[in-house]
There are 2 protein chains.
Amino acid sequence: MDEAFDSDLLRGSLDLMVLGVLADGPKYGYSLQQSLRTASYGRIDPKAGTLYPLLHRLEDDGLIRAKWDTSTGRKRKWYELTAAGKKRLKHQAHEWYAYADILRRLLEPVVAPPQPA
Amino acid sequence: MDEAFDSDLLRGSLDLMVLGVLADGPKYGYSLQQSLRTASYGRIDPKAGTLYPLLHRLEDDGLIRAKWDTSTGRKRKWYELTAAGKKRLKHQAHEWYAYADILRRLLEPVVAPPQPA
DNA sequence: TCCCATGCATCGCCACGCCATATATGACGG
DNA sequence: CCGTCATATATGGCGTGGCGATGCATGGGA
């Protein structure tokens, strides 16, 4: 069974993934963690010590908006994308596509990709 | 004109790119830097303070082999892949493909990729 | 002759993912 | 009823690695 990816792969793309998941609708931290894990077949599993500071950063940057839900005993902090967040998501996604394409082009001749066509 | 990618994108994939370029044949540090720059349309341009320590790390790990060329006035340190380096290249490349695929799958529904088919 | 590209190298800074730790509640089993 | 575990958020210190700054030496072209 494959295990978690090298942590360094997350650098520079974890923000993007979080924004991407939130584009699907509001989530709270813990559920976001689970969404990432299931969406990646368990191979991307950001730790709490990573995720919460990250969410605070995104909030400080105005990319997401937080709202506490204290209606139940379990206090949950729900996050949703702001307009700026949606804009950033699009931009970062295109940056990512461009980056991945360059890398793919560089690797293709030396290491064949899994399923070519 | 697009500028350089976020530095953090390089974390976790710059090693891979260097190995990928070296799979094409031996290179010395400075020429490697240029290869990466041209292969990326100028958008990936690792600094000397990044590249040389990186090469030393790869050498320490036995993934590349160095040989000084002092035949000319310009001293150049040529690097080539070792067997272990070729193996690592393949492994990391597949890791990268898997990672990129997960991210692509996550982004596709929310941000359309440049050229779909 | 002077400047810039070439060519290699090291050092301190900083951002961020990780682990450890803290705290509190709900659920389930014995 | 009580312990244990999943849930839920948060902070602090550590380690890693790309970057800018700096240093130094040579070759080529203006």
Side-chain angles (χ1 to χ4, degrees), chain A residues 3-19 26-38 40 42-61 63-64 66-79 92 99 103, chain B residues 3-19 26-38 40 42-61 63-64 66-79 92 99 103:
Chain A
E3 260 321 299
F5 290 109
D6 185 314
S7 302
D8 283 332
L9 279 176
L10 296 185
R11 299 274 301 237
S13 50
L14 186 53
D15 295 18
L16 174 58
M17 278 187 275
V18 167
L19 294 177
K27 291 232 181 315
Y28 55 94
Y30 195 84
S31 68
L32 221 156
Q33 187 179 23
Q34 292 176 317
S35 296
L36 287 173
R37 193 164 46 223
T38 58
S40 66
R43 301 202 62 193
I44 295 171
D45 186 18
K47 310 309 173 192
T50 296
L51 194 56
Y52 292 112
L54 164 70
L55 289 168
H56 300 160
R57 281 198 304 275
L58 294 179
E59 192 183 1
D60 290 342
D61 292 346
L63 303 175
I64 59 179
K67 195 166 56 177
W68 278 102
D69 171 20
T70 51
S71 66
T72 61
R74 284 263 200 265
K75 286 171 190 240
R76 286 166 175 164
K77 202 168 175 182
W78 291 81
Y79 291 97
Q92 288 218 185
Y99 184 74
L103 202 35
Chain B
E3 258 323 298
F5 290 109
D6 185 315
S7 303
D8 283 331
L9 280 177
L10 296 185
R11 300 271 302 231
S13 51
L14 186 53
D15 296 16
L16 175 58
M17 276 187 276
V18 167
L19 294 177
K27 289 232 183 315
Y28 55 94
Y30 196 84
S31 67
L32 222 155
Q33 186 179 24
Q34 292 176 318
S35 297
L36 287 172
R37 191 164 47 222
T38 57
S40 66
R43 301 202 62 194
I44 295 170
D45 186 19
K47 310 310 171 191
T50 295
L51 194 56
Y52 292 112
L54 164 70
L55 289 168
H56 299 160
R57 281 199 303 275
L58 294 179
E59 192 184 0
D60 289 344
D61 291 346
L63 304 175
I64 59 178
K67 194 166 57 176
W68 279 101
D69 172 20
T70 50
S71 67
T72 60
R74 285 261 201 264
K75 287 173 189 242
R76 286 166 174 165
K77 203 170 176 182
W78 290 81
Y79 290 98
Q92 286 218 186
Y99 184 74
L103 203 35

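Side-chain atoms are counted along with the backbone in the values below, which use heavy atoms only and exclude waters and symmetry mates. All chains are named by letter (A, B, ...) in the order of the sequence lines, taking the proteins before the strands, and each is independently numbered beginning at 1.
In this structure, Gln34(B) CD and Tyr28(B) OH are separated by 6.5 Å, a value rounded to the nearest 0.5 Å. With values rounded to the nearest 0.5 angstrom, Glu3(B) atom CD is found 8.0 Å from Arg43(B) atom CZ. Between atom OH of residue Tyr79(A) and atom CG of residue Leu32(A) there is a gap of 9.5 Å, rounded to the nearest 0.5 Å. Once rounded to the nearest 0.5 Å, the distance linking CG of Leu55(B) with NZ of Lys27(B) reads 12.5 Å.
If you measure from atom NZ of Lys47(B) to atom P of dC14(C), you get 19 Å, rounded to the nearest angstrom. Atom CD in Gln34(B) sits about 8 Å away from atom C1' in dT6(C), given to the nearest Å. In this structure, Leu51(A) places its CG atom 10 Å from P of dG17(C), rounding to the nearest Å. Rounding to whole angstrom units, CG of residue Asp8(A) and P of dA15(C) are separated by 17 Å. Between the CG atom of Leu32(B) and the P atom of dT6(C) there is a distance of 15 Å, rounded to whole Å. Rounded to an integer number of Å, the gap from CG of Leu10(A) to C1' of dC18(C) is 11 Å.
Comparing Arg74(A) and Ser7(A) by the nucleotide of DNA chain C whose heavy atom lies nearest to each, the residue mapping closer to the 5' end is Ser7(A). The residue among Phe5(B) and Thr72(B) whose nearest nucleotide of DNA chain D lies closer to the 5′ end is Phe5(B).
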Name the atoms and distances for all side-chain donor-acceptor pairs under 3.5 Å in residues 44-51 of chain A, with sequence neighbours left out.
| residue | atom | partner | partner atom | Å |
| --- | --- | --- | --- | --- |
| Asp45(A) | OD1 | Arg37(A) | NH1 | 3.0 |
| Lys47(A) | NZ | Asp45(A) | O | 3.4 |

Which pairs of donor and acceptor atoms, one on a side chain in residues 6-19 of chain A, lie under 3.5 Å apart (sequence neighbours left out)?
| residue | atom | partner | partner atom | Å |
| --- | --- | --- | --- | --- |
| Asp6(A) | OD1 | Asp8(A) | N | 2.7 |
| Ser13(A) | OG | Leu9(A) | O | 3.0 |
| Ser13(A) | OG | Leu10(A) | O | 3.4 |
| Ser13(A) | OG | Tyr99(B) | OH | 2.6 |

Between protein and nucleotides 8-12 of chain C, what N or O pairs are separated by less than 3.5 Å?
| residue | atom | partner | partner atom | Å |
| --- | --- | --- | --- | --- |
| dC8(C) | OP1 | Lys77(B) | N | 2.7 |
| dC8(C) | OP2 | Gly29(B) | N | 3.3 |
| dC8(C) | OP2 | Tyr30(B) | N | 2.7 |
| dC8(C) | OP2 | Tyr52(B) | OH | 3.1 |
| dA9(C) | OP1 | Lys77(B) | NZ | 3.0 |
| dA9(C) | OP2 | His56(B) | NE2 | 3.1 |

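Judged as a side-chain contact (heavy atoms from CB on, under 4.5 Å), and not counting sequence neighbours, Ala4(B) has no contacts. With sequence neighbours left out, Pro26(B) forms a side-chain contact (heavy atoms from CB on, under 4.5 Å) with Trp78(B), Glu80(B).
In the 5' to 3' direction, nucleotides of DNA chain D lying under 4.0 Å from heavy atoms of chain A begin and end at dA6(D) to dG17(D).
Remark: Arg57(A) is in phosphate contact with dG17(C), judged by side-chain N or O atoms under 4.0 Å from OP1 or OP2.
Between Tyr52(B) and Tyr30(B), the closest side-chain pair of non-hydrogen atoms falls below 4.5 Å.
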